[in-house]
Amino acid sequence: MNRLFIKSLCTSSAAAANLKPPPPDPAAISNLILSSPIQSPLPSNTPWTPHLVNSILKRLWNHGPKALHFFHLLDRRHRNYIHSPSSFNLAIDIAARLHLHTTVWSLIRRMRSLRIGPSPKTFAIVAERFASSGKPDKAVNLFLNMHEHGCSQDLASFNTILDVLCKSKRVEKAYELFKDLRGRFSADVVTYNVIVNGWCLIKRTPKALEVLKEMVERGISPNLTTYNTMLKGFFRSGQVRQGWEFFLEMKKRNCGVDVVTYTTAVHGLGVSGEVKRAKKVFDEMLREGVLPSVATYNALIQVMCKKDSVENAVLVFEEMLRKGYEPNVTTYNFTRGEEMMRRMEEEGGCEASFQTYNMMIRYYSECGEVEKALGLFERMGSGGCLPNLDTYNILISGMFVRKRSEDMVVAGKLLLQMVERGFVPRRFTFNRVLNGLL
DNA sequence: TTAGGGTTAG
């Protein structure tokens, strides 16, 4: 707070004296880093700020080695600049994603020596990477030992590690840890909600209901989040009837159903084919005076596209615009096609995300329009979002559609490029390209 | 980054 205040004082007085240089452009700096060889020095005279550094790290997210190199250069060569905790956390996330464990730990030690961390958030980041790369035990150990790295364990960090395990589908592991330590950390409603959600994520609603019963027995009252989680769980596991009955029960018992409840019901009913009922729930929501969100409209649009007709989806889209909602990337992604992509950028002032690109690239690849797919890929490279692992996998698969030898060569180049950018191709992808080339 | 709702996904 204080630092921000001082910073704003400095900038405003500089502006008053007309000395303020144009603000550095993260996109320009990122592109410069991307296009120059790895030993190049950073542009001099740049007024580095945590905000600028963070936005560059995010732009270089899908080019991990360059991102880390940038971080290290700034850390070592610029004596007067000290990275902020949030920049450290971003760099640690990138290093952990690339499985550079030595780098992760040296960054953590560096944070500690600068007395700016590590924080519980730092450990949550690393634990998440462990859990998502099939090492849940390492994630648990990290949590159990975090106090040795100057970071205390409390209920919040306990809930976080459980959530990390659950979100990476290691629910059994989470449940074990939960049973072992719930007494020590005095598990609260958040803890139980995390576990309920975990079982729901892997479609084991009976286990989720069991935990729900258990929390009540232990004197912890479920809240609206608990019920919304359960509701989503029923739909996710295909128990549409139970979902519907649960929804009715929630209303009957005056749980204070909210926009999340309605969005879940509209989406859940719709994707399982009950479009009429989904629309009825949506109308009922309006009657009850619960304001739909962009997510609610997106849910309805998706349902219309998939189970009704694109024309009706567009009607909902137009209605959304009429009511003053601002469609976001997700909205446009449902109504696929170049036309929509143009519209989102020109009229909507809404930048395509890598999901948008990936979807379009997949579409072109599948119908053999390899040049168009490659064109979009090029556009990505020079724009705000760099291709990610999915992009490469989709595009490389696309190179096999036409069974042409020149496509194989492109596939080979893409494979090399993805490795250079810090992605690990699946064995399948690798062998396929190799076979293709041979 | 202490929990729940919209991209495509089993």
Side-chain angles (χ1 to χ4, degrees), chain A residues 85-86 89-90 92-93 118-129 154-164 166-167 169 174 185 187-198 200-203 208 211 215 220 222-233 235-238 247 250 255 257-271 278 281-282 285 290 292-306 313 316-317 320 325 327-336 340 344 352-360 362-363 366 390 393-394:
Chain A
S86 58
N89 284 340
L90 288 172
I92 288 169
D93 201 1
S119 65
K121 184 175 167 175
T122 314
F123 285 100
I125 288 167
V126 182
E128 192 181 319
R129 292 296 172 192
D154 54 11
L155 178 58
S157 52
F158 180 54
N159 289 341
T160 303
I161 185 68
L162 293 176
D163 196 37
V164 161
C166 286
K167 297 259 164 73
K169 310 281 172 84
F185 290 107
D188 64 356
V189 58
V190 176
T191 323
Y192 280 92
N193 285 350
V194 164
I195 300 294
V196 168
N197 187 42
C200 286
L201 285 176
I202 58 170
K203 302 179 179 181
V211 175
M215 75 189 276
I220 294 168
N223 57 19
L224 187 55
T225 300
T226 325
Y227 297 127
N228 284 341
T229 306
M230 243 1 275
L231 182 65
K232 169 92 183 166
F235 287 121
R236 185 193 295 273
S237 64
F247 173 68
M250 279 175 79
C255 291
V257 292
D258 65 358
V259 53
V260 178
T261 321
Y262 280 109
T263 305
T264 308
V266 167
H267 186 248
L269 289 167
V271 294
V281 169
F282 182 81
M285 169 181 193
V290 179
S293 66
V294 175
T296 321
Y297 276 103
N298 287 350
L300 194 60
I301 289 171
Q302 185 195 16
V303 162
M304 293 295 170
C305 276
K306 277 190 171 166
V316 177
F317 177 71
M320 173 181 182
Y325 284 89
N328 59 20
V329 206
T330 308
T331 319
Y332 286 106
N333 282 351
F334 290 130
T335 21
R336 64 192 200 172
M340 269 298 177
M344 76 188 277
S353 68
F354 56 79
Q355 283 92 344
T356 319
Y357 280 109
N358 287 355
M359 190 178 61
M360 291 300 294
R362 184 191 303 261
Y363 171 72
E366 276 170 6
D390 287 333
N393 284 331
I394 293 166

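Proteins come first, then strands; the chains are lettered A, B, ... in the order of their sequence lines, and each starts at number 1. Since this is a predicted model, take the numbers as computed values, not measurements.
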Problem - Nearest-nucleotide comparison on DNA chain B, the residue closer to the 5′ end among Ala156(A) and Val294(A) - result: Ala156(A)
Could you tell me whether the side chains of [X] and [Y] share a donor-acceptor contact shorter than 3.5 Å?
{"X": "Thr296(A)", "Y": "Ser293(A)", "result": "yes"}
{"X": "Asp154(A)", "Y": "Ser157(A)", "result": "yes"}
{"X": "Asn193(A)", "Y": "Asn159(A)", "result": "no"}

Exercise for the section: For dT8(B) and dA3(B), measure between their C1' atoms and round to the nearest Å. Expected result: 25 Å
Handout entry: Same-atom distance (C1') from dT2(B) to dG6(B), integer angstrom
Key = 23 Å
Completion exercise
Expected list for residues 261-270 of chain A near DNA chain B, using heavy atoms below 4.0 Å, is Thr263(A), Thr264(A), His267(A)
[X] has an atom [atom1]; how far is it from atom [atom2] of [N], in whole Å?
{"X": "Ile195(A)", "N": "dT2(B)", "atom1": "CD1", "atom2": "C1'", "answer": "13 Å"}
{"X": "Met215(A)", "N": "dA3(B)", "atom1": "CE", "atom2": "P", "answer": "15 Å"}
{"X": "Leu162(A)", "N": "dT2(B)", "atom1": "CG", "atom2": "P", "answer": "13 Å"}
{"X": "Arg236(A)", "N": "dG5(B)", "atom1": "CZ", "atom2": "C1'", "answer": "11 Å"}
{"X": "Arg362(A)", "N": "dA9(B)", "atom1": "CZ", "atom2": "P", "answer": "11 Å"}
{"X": "Phe247(A)", "N": "dG5(B)", "atom1": "CZ", "atom2": "P", "answer": "16 Å"}
{"X": "Asn328(A)", "N": "dG6(B)", "atom1": "CG", "atom2": "P", "answer": "12 Å"}
{"X": "Asp188(A)", "N": "dA3(B)", "atom1": "CG", "atom2": "C1'", "answer": "9 Å"}

Practice task
Would you classify dG5(B) as syn or anti? Syn applies when the glycosidic angle is within 90° of 0.
Solution key: anti
Practice task
For Lys121(A), enumerate each residue passing the salt bridge (Lys or Arg N to Asp or Glu O under 4.0 Å) test, keeping only those at least two apart in sequence or located in another chain.
Solution key: none
Side chain of [X] - closest among [options]:
{"X": "Val189(A)", "options": "dA3(B), dT8(B), dG6(B)", "answer": "dA3(B)"}
{"X": "Ala295(A)", "options": "dT1(B), dG6(B), dG10(B)", "answer": "dG6(B)"}
{"X": "Val260(A)", "options": "dA3(B), dG6(B), dG5(B)", "answer": "dG5(B)"}
{"X": "Lys167(A)", "options": "dT2(B), dG6(B), dA3(B)", "answer": "dA3(B)"}

Please identify each residue that fulfils ring-ring contact (aromatic ring centres under 6.0 Å, His included) with [X], with sequence neighbours left out.
{"X": "Phe235(A)", "result": "none"}
{"X": "Tyr227(A)", "result": "none"}
{"X": "Phe247(A)", "result": "Trp244(A), Tyr262(A)"}

Which part of the nucleic acid does [X] contact within heavy-atom distance under 4.0 Å: base, sugar-phosphate only, or nothing?
{"X": "Ser293(A)", "answer": "base"}
{"X": "Leu300(A)", "answer": "nothing"}
{"X": "Asn358(A)", "answer": "nothing"}
{"X": "Asp258(A)", "answer": "base"}
{"X": "Val164(A)", "answer": "nothing"}

Handout entry: side-chain contact (heavy atoms from CB on, under 4.5 Å) involving Asn358(A) - partner list, sequence neighbours excluded
Key = Phe354(A), Met380(A), Asn388(A), Asp390(A), Thr391(A), Ile394(A)
Practice task
Indicate, yes or no, whether a donor-acceptor pair under 3.5 Å links the base of dG6(B) to the side chain of Thr296(A).
Solution key: no
Problem - Distance test, side-chain N/O of Lys306(A) to OP1/OP2 of dA9(B), below 4.0 Å - result: yes
Exercise for the section: Output yes when at least one side-chain N/O atom of Lys232(A) is less than 4.0 Å from OP1 or OP2 of dG6(B), else no. Expected result: yes
Handout entry: Positive for side chain to side chain contact (heavy atoms under 4.5 Å, CB included) with Phe158(A), one of Asp163(A), Val194(A), Thr191(A), Val190(A)
Key = Thr191(A)
